[in-house]
Enquirer: 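Take a look at the following structure, please.
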Amino acid sequence: MTAGPVGVAVIGAGVISAEYLRTLSTFPDIRLVAVADIAPERAAAAARAHGIPLAGDVPAVLDEPDVELVVNLTVPAAHAQVAAAALRAGKHVYGEKPLTPTPNEAERLVAEASERGLLLGGAPDTFLGAGLQSAIRAVRAGHIGRPVAATTAVQSLGPESWHPDPAFFYQPGAGPLFDLGPYYLTALVALFGSVARVAATAARAREHRTVATGPKAGQSFPVDVPTHVSALLEFASDASANSTFSFDSSHPRIRFEITGTEGTLAVPDPNTFRGPLRLRANGSDEWRELPVRGRTDGRGLGVLDMARTIRAQDSSARIRDKAAIADGLSTHRASGALAFHVLQTMTAITQSAAVGAFVPLPAQLVPPAPLPEDWDPTAATLSGTSP
Ligand SMILES: NC(=O)c1ccc[n+]([C@@H]2O[C@H](COP(=O)([O-])OP(=O)(O)OC[C@H]3O[C@@H](n4cnc5c(N)ncnc54)[C@H](O)[C@@H]3O)[C@@H](O)[C@H]2O)c1
């Protein structure tokens with residue numbers, strides 16, 4: 001296909017798939033074609049609920065020529081394997097976070113996508129929502145002067161109070177750092193640019209946890225990752241951030257503040273698409289609310305941005321080499337490169353906690369461009385039919 005809405009398959013019909021399917025089905029530039037899961041009844045139920053024509057196992061869905069882009073919503077341990085199979089089948093891939101549990105797996109995916117001339121994207125896309133886009137625009141417009149530092153914290157007693165199958169949150173690839181860290185770190189990179197080095201400590205309050213809700217309630221499962229992480233980040237710009245990620249705190253709290261030479265910005269929860277956004281200028285003893293403009297549609301904005309880039313690439317591909325275009329035209333914002341940098345940052349945080357020293361980040365990254373204020377997911381921008 002080189003024109004018209006981009007054909008999308010969702011692989012992994014679990015808890016978060018409902019939000020993606022709901023959002024994606026409202027975008028005219030996306031055509032939901034198929035749902036797959038290793039549990040076939042889940043795929044069938046999701047397809048039925050959203051009027052999607054095909055439900056099946058992963059190989060059947062990857063065989064479907066109408067599927068151009070795979071949205072990988074499996075558990076973190078399956079991310080690499082499912083994404084690699086999709087790329088080998090010639091599909092563009094957008095994956096939930098983390099991109100993969102380890103940077104080596106992610107690096108192979110980035111290379112494989114580039115070699116095949118395919119785009120790779122990664123969650124979160126919450127930074128494309130109205131709240132964080134307005135924060136990015138406020139910082140770029142100089143509302144806080146030169147950005148100097150950020151303080152972020154996300155703490156709770158963990159997701160087993162509400163998730164029916166929470167064991168994966170305590171396995172490699174999750175824990176508070178790898179599960180919630182991507183929201184905070186992606187927002188920080190979008191605001192400050194790439195991370196240069198990190199230092200951290202990590203702890204684990206309990207060896208086992210218990211499922212609280214659903215058919216598995218009462219079952220105990222092991223905790224194999226740190227559940228309280230404190231990190232210090234230094235950005236290439238010389239700005240810094242101190243960030244706490246915890247599943248050990250009985251005080252649920254979210255905090256995200258950016259301080260600049262002229263004031264402090266209180267940024268909304270980066271795991272949402274909304275505001276509020278508040279500014280406290282130096283010398284003022286009051287917070288002032290700033291306007292929040294943009295989209296709050298939900299998870300899927302990054303997939304749409306990627307789909308539109310795929311069509312831009314398709315039209316350029318008629319005249320240029322496809323692999324070069326995948327490198328040069330990867331202007332979609334929730335990109336594999338961004339998700340990879342965030343994964344490398346989380347890995348460096350884990351290493352620093354283990355060795356007790358600063359750990360440098362290997363590569364630099366250009367932060368994604370802000371979305372135009374009038375960017376409209378509900379507009380049909382991809383018209384025409386396939387040749
Ligand atoms: N639950 C949330 O609130 C939430 C929010 C944002 C992001 N996420 C991310 O989304 C992903 C999925 O989370 P979830 O909560 O929906 O998990 P889930 O356990 O509810 O669903 C995962 C689904 O993937 C399927 N699956 C697992 N391995 C597979 C494979 N190899 N091939 C095909 N299907 C496979 C499972 O059968 C299951 O239906 C994770 O990466 C998570 O970090 C979850």
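In each ligand, atom 1 is the first atom listed, and ligand 1 is the first ligand listed. Computed from a predicted structure; not experimentally measured.
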Enquirer: Tell me the protein heavy atom at minimum distance from atom 20 (O) of ligand 1, and give that distance in Å.
Expert: Val15 N, 2.9 Å
Enquirer: Could you tell me which atoms of ligand 1, counted from 1 in the order shown, lie closer than 4.0 angstrom to a heavy atom of Ala78?
Expert: 28 (N), 31 (N)
Enquirer: Closest by any non-hydrogen atom to atom 40 (C) of ligand 1: pick that one out of Thr74, Asp57, Ile16.
Expert: Thr74
Enquirer: Which residue from Pro40, Gly14, Pro124, Ala18 reaches closest to atom 21 (O) of ligand 1 through any of its heavy atoms?
Expert: Gly14
Enquirer: Would you check the N or O atoms of His163, main chain and side chain alike, for any that come under 3.5 Å of an N or O of ligand 1?
Expert: yes
Enquirer: What atoms in ligand 1 come closer than 4.0 Å to a heavy atom of Tyr183?
Expert: 5 (C), 6 (C), 7 (C)
Enquirer: For His228 and Phe247, I'd like to know if the aromatic rings sit close, meaning centre-to-centre distance below 6.0 Å.
Expert: no
Enquirer: Pick out which of His341, Gln344, Gln364 makes a side chain to side chain donor-acceptor pair (under 3.5 Å) with Ser194.
Expert: Gln364
Enquirer: Look at atom 12 (C) of ligand 1 and say which protein heavy atom is nearest, naming residue and atom and giving the distance to 0.1 Å.
Expert: Leu73 O, 3.3 Å
Enquirer: When you look at Asp248 and Thr227, which way does the side chain to side chain donor-acceptor pair (under 3.5 Å) test go after all the steps?
Expert: CA-CA 6 Å; Asp248 288 339; Thr227 46; 2.8 Å; yes
Enquirer: Return yes if some donor-acceptor pair links the side-chain N/O of Arg31 with the main-chain N/O of Gly4 below 3.5 Å, else return no.
Expert: no
Enquirer: Between His163 and Phe168, is the ring centre distance below 6.0 Å?
Expert: yes
Enquirer: If we set the cut-off at 4.0 Å for heavy atoms, which region of Ile38 has an atom near ligand 1: side chain, backbone, both, or neither?
Expert: both
Enquirer: For atom 37 (O) of ligand 1, grab the closest protein heavy atom and report residue, atom and distance to one decimal in Å.
Expert: Asp37 OD1, 2.6 Å
Enquirer: Just go through Glu41, Glu96, Gln81, Glu19 and tell me whose heavy atom is the nearest to atom 8 (N) of ligand 1.
Expert: Glu96
Enquirer: Does Val58 have a non-hydrogen atom less than 4.0 Å from ligand 1?
Expert: yes
Enquirer: Nearest 0.5 Å, please: how far is OG in Ser220 from CZ in Arg206?
Expert: 11.5 Å
Enquirer: Which of the atoms of ligand 1 are close to Arg42, meaning less than 4.0 Å from one of its heavy atoms?
Expert: 36 (C), 37 (O), 38 (C), 39 (O)
Enquirer: I'd like to know if the side chain of Ser352 and the backbone of Ala200 have a donor-acceptor N/O pair within less than 3.5 Å.
Expert: yes
Enquirer: Against Val223, only a single residue in His208, Gln171, Arg204 fulfils side chain to side chain contact (heavy atoms under 4.5 Å, CB included); can you say which?
Expert: Arg204
Enquirer: Heavy-atom pairs closer than 4.0 Å: do any link ligand 1 to the side chain of Tyr20, the backbone, both, or neither?
Expert: neither
Enquirer: Give the residue, atom name and distance (to 0.1 Å) of the protein heavy atom nearest atom 19 (O) of ligand 1.
Expert: Val75 CG1, 3.7 Å
Enquirer: Counting only heavy atoms, which portion of His79 has something under 4.0 Å from ligand 1: side chain, backbone, both, or neither?
Expert: side chain
Enquirer: Please state whether Pro76 comes within less than 4.0 angstrom of ligand 1, counting heavy atoms only.
Expert: yes
Enquirer: Would you say Phe168 contacts ligand 1, with heavy atoms under 4.0 Å as the rule?
Expert: yes
Enquirer: Counting both backbone and side chain atoms, is some N or O of Ala39 under 3.5 Å from an N or O of ligand 1?
Expert: no
Enquirer: Indicate yes or no for a side-chain donor-acceptor contact from Glu68 to the backbone of Gly7 under 3.5 Å, with no hydrogens or angles considered.
Expert: yes
Enquirer: Using non-hydrogen atoms of the residue, decide whether Trp162 is closer than 4.0 angstrom to ligand 1.
Expert: yes
Enquirer: Tell me if the aromatic rings of Phe245 and Phe178 count as close, with their centers under 6.0 Å from one another.
Expert: no
Enquirer: If only atom types and distance count, is the side chain of Gln133 paired as donor or acceptor with the main-chain N or O of Leu371 below 3.5 Å?
Expert: yes
Enquirer: Would you mind telling me which of Pro124, Pro367, Pro270 makes a side chain to side chain contact (heavy atoms under 4.5 Å, CB included) with Thr186?
Expert: Pro124
